[in-house]
Amino acid sequence: MVEVVVADDEAMVRAGVRAILARDPKIDVVAEACDGYQAVAAVRTHRPAVALLDIQMPGLDGISAASLIHRELPGTAVIMLTTFGEDEFIARALREGADGFLLKADDPRELLAGVHAVAAGGAYLSPRVAARVVAGLRDGRTAIPQQSLKLLTDRENEVLALLAHGLSNGEIAARLRLVEGTVKAHVSAVLAKLGVRNRVEAAIAAHTAGLTADDQKQR
């Protein structure tokens, strides 16, 4: 079971999210919260696989809550779920350790897919959010310095390319015929060398460099 904490200051939104997640028998909502402080407390208590956080909540906003969870409870993946898709929110959420970003107007199937993806150790951006990130890549706003990419070994480049496609550590291990612990070490090395905080930012770096899994197959 993938245990989830849902945080939103609107009770009807929480009920809607819970109803969507209830469609999947492998997902269990273990707690709800109406502000960031309650969300962090619920994560500390339940240690869920995923925390779904609204951005604008009273007291402690969702992105600040995501930052606390990322630092204190790294075993819990965080998805930002919001009505706001502005670049500043996306960029700030990624900097503070969010593993995924979804819009409330997205197809409900995106929510289910996102929960499973981040719970498995991957990263997830809804198509509309991904489009904004790609637009940022085109004008260089989210580019990673090329000298950082040159620090990666051939194996780390392979891991980065697969990570950019949203694969979890286990899936990358199966693809490259490695043990999962080795993949985890490679991912940590990639994040450190690129100077990024999470898998989403690393995926952005891969797209910036034009590095894809298909490219790796051709090498």
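These numbers were taken from a predicted model, which means no experiment stands behind them. Just so you know, residue 1 is the first one in the sequence shown, and it goes up from there.
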Item checked: Residue pair Met80, Val78: steps toward the side-chain contact (heavy atoms from CB on, under 4.5 Å) verdict -> CA-CA 7 Å; Met80 307 310 303; Val78 174; 3.8 Å; yes
Margin query: Around atom NZ of Lys184, are there more than 12 heavy atoms from other residues, nucleotides or ligands closer than 6.0 Å?
Written below: no
Starting at [atom1] of [X], measure out to [atom2] of [Y] and round the result to the nearest 0.5 Å.
{"X": "Glu96", "Y": "Leu68", "atom1": "CD", "atom2": "CG", "answer": "9.0 Å"}
{"X": "Leu125", "Y": "Asp99", "atom1": "CG", "atom2": "CG", "answer": "10.5 Å"}
{"X": "Gln38", "Y": "Thr45", "atom1": "CD", "atom2": "OG1", "answer": "11.0 Å"}

Item checked: Side-chain hydrophobic cluster, 4.5 Å single linkage: members besides Tyr124 -> Val2, Val4, Val6, Val13, Val17, Ile20, Leu21, Ile27, Val29, Val50, Leu52, Ile79, Leu81, Leu102, Leu111, Leu112, Val115, Val118
Determine the minimum heavy-atom distance between [X] and [Y], stating which atoms define it.
{"X": "Pro58", "Y": "Cys34", "result": "CD-O, 3.9 Å"}
{"X": "Arg23", "Y": "Pro108", "result": "NH1-CB, 3.9 Å"}
{"X": "Ala31", "Y": "Ala42", "result": "CB-CB, 4.1 Å"}
{"X": "Met57", "Y": "Gly62", "result": "CE-CA, 3.8 Å"}
{"X": "Glu156", "Y": "His186", "result": "CG-ND1, 4.0 Å"}
{"X": "Leu73", "Y": "Arg44", "result": "CD1-CG, 3.6 Å"}

Margin query: Filter on side chain to side chain donor-acceptor pair (under 3.5 Å), then keep only pairs touching residues 9-22, sequence neighbours left out; what's left?
Written below: Arg14-Glu32, Arg18-Glu32
Look at the side chain of [X] and the backbone N and O of [Y], then say whether any donor-acceptor pair between them is shorter than 3.5 Å.
{"X": "Asp28", "Y": "Val30", "result": "no"}
{"X": "Thr76", "Y": "Pro48", "result": "yes"}
{"X": "Lys193", "Y": "Leu151", "result": "yes"}

Check: When you check the side-chain N and O atoms of His116 and Asp24, is any donor under 3.5 Å from an acceptor?
Finding: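 Yes, a side-chain donor-acceptor pair sits under 3.5 Å.
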Checklist line | From CA spacing to verdict: side-chain contact (heavy atoms from CB on, under 4.5 Å), Arg92, Ser67 | finding: CA-CA 10 Å; Arg92 184 180 165 213; Ser67 180; over 6 Å; no
Margin query: Which residue is it: Thr83, Thr82, Asp8? I am looking for the one with a side chain to side chain donor-acceptor pair (under 3.5 Å) to Lys104.
Written below: Asp8
Next item on the list: Quick one: do Ile69 and Leu53 satisfy side-chain contact (heavy atoms from CB on, under 4.5 Å)? Show the steps, please.
Entry: CA-CA 11 Å; Ile69 292 169; Leu53 308 179; 4.1 Å; yes
Item checked: Partner of Leu176 under side chain to side chain contact (heavy atoms under 4.5 Å, CB included), chosen from Leu162, Val183, Thr182 ->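 Of the listed residues Leu162, Val183, Thr182, the side chain to side chain contact (heavy atoms under 4.5 Å, CB included) partner of Leu176 is Leu162.
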Note to self: Could you walk me through whether Phe101 and Ile55 satisfy the side-chain contact (heavy atoms from CB on, under 4.5 Å) test, starting with their C-alpha distance in whole Å, then the side-chain angles of each, then the deciding distance to 0.1 Å, before giving a yes or no?
What the structure shows: CA-CA 10 Å; Phe101 200 110; Ile55 285 183; 3.9 Å; yes
